[in-house]
*Asks:* 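If you scroll down you'll find the structure; I have some questions about it.
Chain naming here is simple, since letters A, B, ... match the order of the sequence lines and numbering starts at 1 in each.
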2 protein chains.
Amino acid sequence: MTETDIRPAPTTVEEFRDRLAAISDDLPKRLRQCADYIAANTDRIAVSTVAELALGADVPPSALMRFCQILGFSGFSGMQRLFRDAYAPGWPDYTTRLTNLKENGAGSPSALLAEFVEAGRLSLESLAKAVDEDALAAAVATLIAADTLHIIGLRRAFPVASYLAYAFEKMDIPAMLHDGVGKLDHRHALRPGDVLLAITFAPYSEETLALAQDARERGLDVVAVTDRLTSPLARHASAVLTVPEVDFGAFRSLSATLALAITLAVAVGSGRQGA
Amino acid sequence: MTETDIRPAPTTVEEFRDRLAAISDDLPKRLRQCADYIAANTDRIAVSTVAELALGADVPPSALMRFCQILGFSGFSGMQRLFRDAYAPGWPDYTTRLTNLKENGAGSPSALLAEFVEAGRLSLESLAKAVDEDALAAAVATLIAADTLHIIGLRRAFPVASYLAYAFEKMDIPAMLHDGVGKLDHRHALRPGDVLLAITFAPYSEETLALAQDARERGLDVVAVTDRLTSPLARHASAVLTVPEVDFGAFRSLSATLALAITLAVAVGSGRQGA
DNA sequence: GATAAAATGGAATAAAAATTCCAAAACGCC
DNA sequence: GGCGTTTTGGAATTTTTATTCCATTTTATC
């Protein structure tokens, strides 16, 4: 580090992140530790002291001070001010409300709702954290290039499949929902150039796996939405998207799966528009 | 204030609020100011100094100190520690991740996903805040007392309806999904003692409204899941549940609606079990 | 492997914040 | 309106926290 990069301090959290990313490479060992720890714990800056953060990053306080100055602040206090001002906790009374709901007694409808809301929220958060961006991009690319989309998802995955069918229809994308009504077998509808979008979670639906295998054997691309990379569906798929859904009791929240589904739909929709 | 109420300090935000509410009445002028300001700005305790809060409450710092001690803390630092620690969960780096996803560029699949995840989360939070507990309890009671459940929800509400049908089936509750396949009209299946569970959002589906009206005219109870109390569906309903769903772009996240749906299903399921 | 430059750790210092204490003011009661 | 009690404001003190500085170690270069 030379002292030539005395640039003005970031004034927004955005700028802060940019600066952090920009300098993170080519930084000596201890300062790198600071950068890594701060990047992973940005949210704690507002409520911690130099000593606490230094302990967390496993560096002496003076190293952290130097780090703040390299970022352009006059010191730690300047950096902290940025985050204290921007600080807006996610509990403007939401957490309180949840607790109130649960206090109605275990098993009461309100308490159940609180549990499912929480399960949904956790699912969404895990999805954001765990999503494989490359796999997502690959799946979207595959779907954009397809002629007709075939969608299958049965039992608990059926709501997702039907939502996808609805979304594709809205966007004038040719799509066919294989819903198993009347035990009809529509596999002859799979034509070269088509793509199958299959959704299933443990215990995996036989019909879904069978259709995926069939599609694969005919040379079609298969995009899989499932719960684990080791899912049997993954074997037949060219792109696999996993969704870490949190269950409460016997029921899957589906929030995360639906968020992923609608993302696929809209991404494919806008991708095709441009094409 | 006498000094006899030296009770132990609150150890959770809940306890804090309770204590605050308990003492807020019968407090001298300055301390009352503290209580009011703190109640309205609880979220800033973690990131403020005594001086800053005192300024905000328009009292001298020493008054705020006294206030902290009345609450049971040894001083301001003790109170602040509670909020700094409580703040730890919530976003263990979830927000960071969201920002990263969005940085992939507007319109990219990752950025879209971030938006939908956020929309889902907001929807769930609003649901928790806005849910009418009495209406929910009433709806559950109605559904428990029913002979057969009829479920209708078309277009964007169809995933919800199908999920409900799946859940009821899993729990051996007699339920019939009116899905409009083949333009078949199943209204003759509505029999006295049955209940209709109807779901629709603006723009409201004609078929759903018609079936609800029909059911109502035959004297059946109708439980409505919709977006506003003034929805046309509400006119035909004996119990109305509203879901404040946040949209992103043209698409509804459905997270909150599904959470509500699954709550209904499980509450009804356990209610019938006990009966 | 010698030399210069950079990086580091920790002790010393400065600054800021929290906390106490008490004299003065306000209040309630007779 | 006087008297005891409670409340108040602010200055003094203590504690915590941030920051600087420099001797020592590490690293890079030749």
Side-chain angles (χ1 to χ4, degrees), chain A residues 1-6 9-10 16 20 23-38 41-42 44-85 87, chain B residues 1-6 9-10 16 23-38 41 44-85 87:
Chain A
M1 290 304 324
T2 69
E3 61 289 347
T4 53
D5 43 18
I6 308 171
F16 177 86
L20 189 55
I23 65 164
S24 270
D25 312 318
D26 60 35
L27 225 47
K29 183 162 168 256
R30 285 285 112 106
L31 294 179
R32 167 68 72 94
Q33 276 176 252
C34 293
D36 290 348
Y37 184 78
I38 290 296
N41 298 74
T42 318
R44 295 218 61 81
I45 297 175
V47 295
S48 303
T49 64
V50 173
E52 286 165 357
L53 290 176
L55 190 72
D58 195 29
V59 300
S62 48
L64 228 162
M65 290 302 301
R66 245 172 281 129
F67 174 75
C68 296
Q69 287 160 357
I70 285 172
L71 244 33
F73 299 100
S74 73
F76 174 74
S77 299
M79 184 169 98
Q80 191 174 53
R81 183 152 43 248
L82 172 64
F83 287 93
R84 287 193 165 177
D85 292 346
Y87 172 92
Chain B
M1 290 301 322
T2 69
E3 60 291 344
T4 53
D5 46 14
I6 307 170
F16 177 87
I23 65 164
S24 271
D25 312 317
D26 59 35
L27 224 49
K29 183 163 169 249
R30 286 285 113 106
L31 293 180
R32 166 69 71 94
Q33 277 176 252
C34 292
D36 290 348
Y37 184 79
I38 290 296
N41 298 76
R44 297 221 64 81
I45 296 175
V47 294
S48 302
T49 64
V50 173
E52 287 164 356
L53 290 177
L55 191 71
D58 195 29
V59 299
S62 49
L64 228 162
M65 288 304 299
R66 246 173 280 129
F67 174 76
C68 296
Q69 287 161 355
I70 286 171
L71 244 33
F73 299 101
S74 75
F76 174 74
S77 298
M79 183 169 99
Q80 190 174 55
R81 184 154 42 248
L82 171 63
F83 287 94
R84 286 191 169 179
D85 293 346
Y87 166 68

*Asks:* Within the pair A/Ser77 and D/dT19, is there a side-chain N or O less than 4.0 Å away from OP1 or OP2?
*Replies:*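 Affirmative; the distance criterion is met.
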*Asks:* Is A/Gln80 reaching over with its side chain to a backbone N or O of A/Ser48, donor-acceptor style, under 3.5 angstrom?
*Replies:*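 Side chain of A/Gln80 to backbone of A/Ser48, a donor-acceptor pair under 3.5 Å: yes, one is there.
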*Asks:* Check the distance between D/dT27's P and A/Leu27's CG and give it to me in whole angstrom.
*Replies:*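 Computing the A/Leu27:CG to D/dT27:P distance gives 15 Å.
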*Asks:* Rounding to an integer number of Å, can you tell me how far A/Phe73 CZ sits from D/dT20 P?
*Replies:* 15 Å
*Asks:* In whole angstrom, give the distance that lies between atom CG of B/Leu31 and atom P of D/dT7.
*Replies:* 8 Å
*Asks:* Mind calculating the distance between NZ (A/Lys29) and C1' (D/dA28) to the nearest angstrom?
*Replies:* 17 Å
*Asks:* Measuring from the side chain of A/Arg30 (C-beta onward, heavy atoms only), which nucleotide among D/dT19, C/dT19, C/dT8 has the closest atom?
*Replies:*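 Between D/dT19, C/dT19, C/dT8, the one nearest the side chain of A/Arg30 would be C/dT8.
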*Asks:* Strictly distance-based, threshold 3.5 Å: is any side-chain N or O of A/Arg30 a donor or acceptor partner for the main-chain N or O of A/Leu64?
*Replies:*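 Checking the backbone N and O of A/Leu64 against the side chain of A/Arg30, no donor-acceptor pair under 3.5 Å is found.
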*Asks:* Below 30° counts as parallel, above 60° as perpendicular, anything between as tilted: where do the rings of A/Phe16 and A/Phe83 land?
*Replies:*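 Aromatic pair A/Phe16/A/Phe83 classed perpendicular.
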*Asks:* Which atom pair, heavy atoms only, marks the closest approach of A/Gly78 to A/Phe73?
*Replies:* C-CD2, 3.7 Å
*Asks:* Rounding to a whole Å, what distance do you find between B/Met79:CE and C/dA17:P?
*Replies:* 16 Å
*Asks:* For A/Arg81 and D/dT19, what is the distance between atoms CZ and P respectively, to the nearest whole Å?
*Replies:* 9 Å
*Asks:* Answer yes or no: does a side-chain N or O of A/Gln69 lie under 4.0 Å from OP1 or OP2 of D/dT20?
*Replies:* yes
*Asks:* Any non-hydrogen side-chain atom of B/Val59 less than 4.5 Å from a side-chain atom of B/Tyr37?
*Replies:* no
*Asks:* Starting from P on D/dA18, measure out to CZ on A/Phe67 and report it in whole angstrom.
*Replies:*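 Answer to the nearest Å: 16 Å.
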*Asks:* When rounded to the nearest 0.5 angstrom, what is the spacing between CZ in A/Arg84 and OG in A/Ser77?
*Replies:* 8.5 Å
*Asks:* Specify the residues of residues 50-66 of chain A, ordered by number, for which at least one heavy atom lies under 4.0 angstrom from an atom of DNA chain C.
*Replies:*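 Residues of residues 50-66 of chain A that come under 4.0 Å of DNA chain C are, in numerical order, A/Pro60, A/Ser62, A/Arg66.
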*Asks:* Is there a donor-acceptor contact under 3.5 Å linking the side chains of A/Arg66 and A/Gln69?
*Replies:*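 There is no such pair between these side chains.
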*Asks:* If I compare all heavy atoms of B/Leu27 with all of B/Ile23, which pair ends up nearest, and what's the gap?
*Replies:*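 So the minimum-distance heavy-atom pair works out to CD1-O, 3.8 Å.
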*Asks:* Over the length of the helix from C/dG1-D/dC30 to C/dC30-D/dG1, how much do the five-pair end axes diverge, rounded to 10 degrees?
*Replies:* 30°
*Asks:* Would you say B/Gln80 places a side-chain N or O within less than 4.0 Å of OP1 or OP2 belonging to C/dA17?
*Replies:* no
*Asks:* Given atom CZ of B/Arg84 and atom P of D/dT17, what is their separation to the nearest angstrom?
*Replies:*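 From B/Arg84 CZ to D/dT17 P: 8 Å.
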*Asks:* What closest approach, in Å, do B/Ile38 and B/Met79 show between heavy atoms, and which atom pair accounts for it?
*Replies:*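 Looking at all heavy atoms of both residues, the closest pair is CD1-CE, 4.3 Å.
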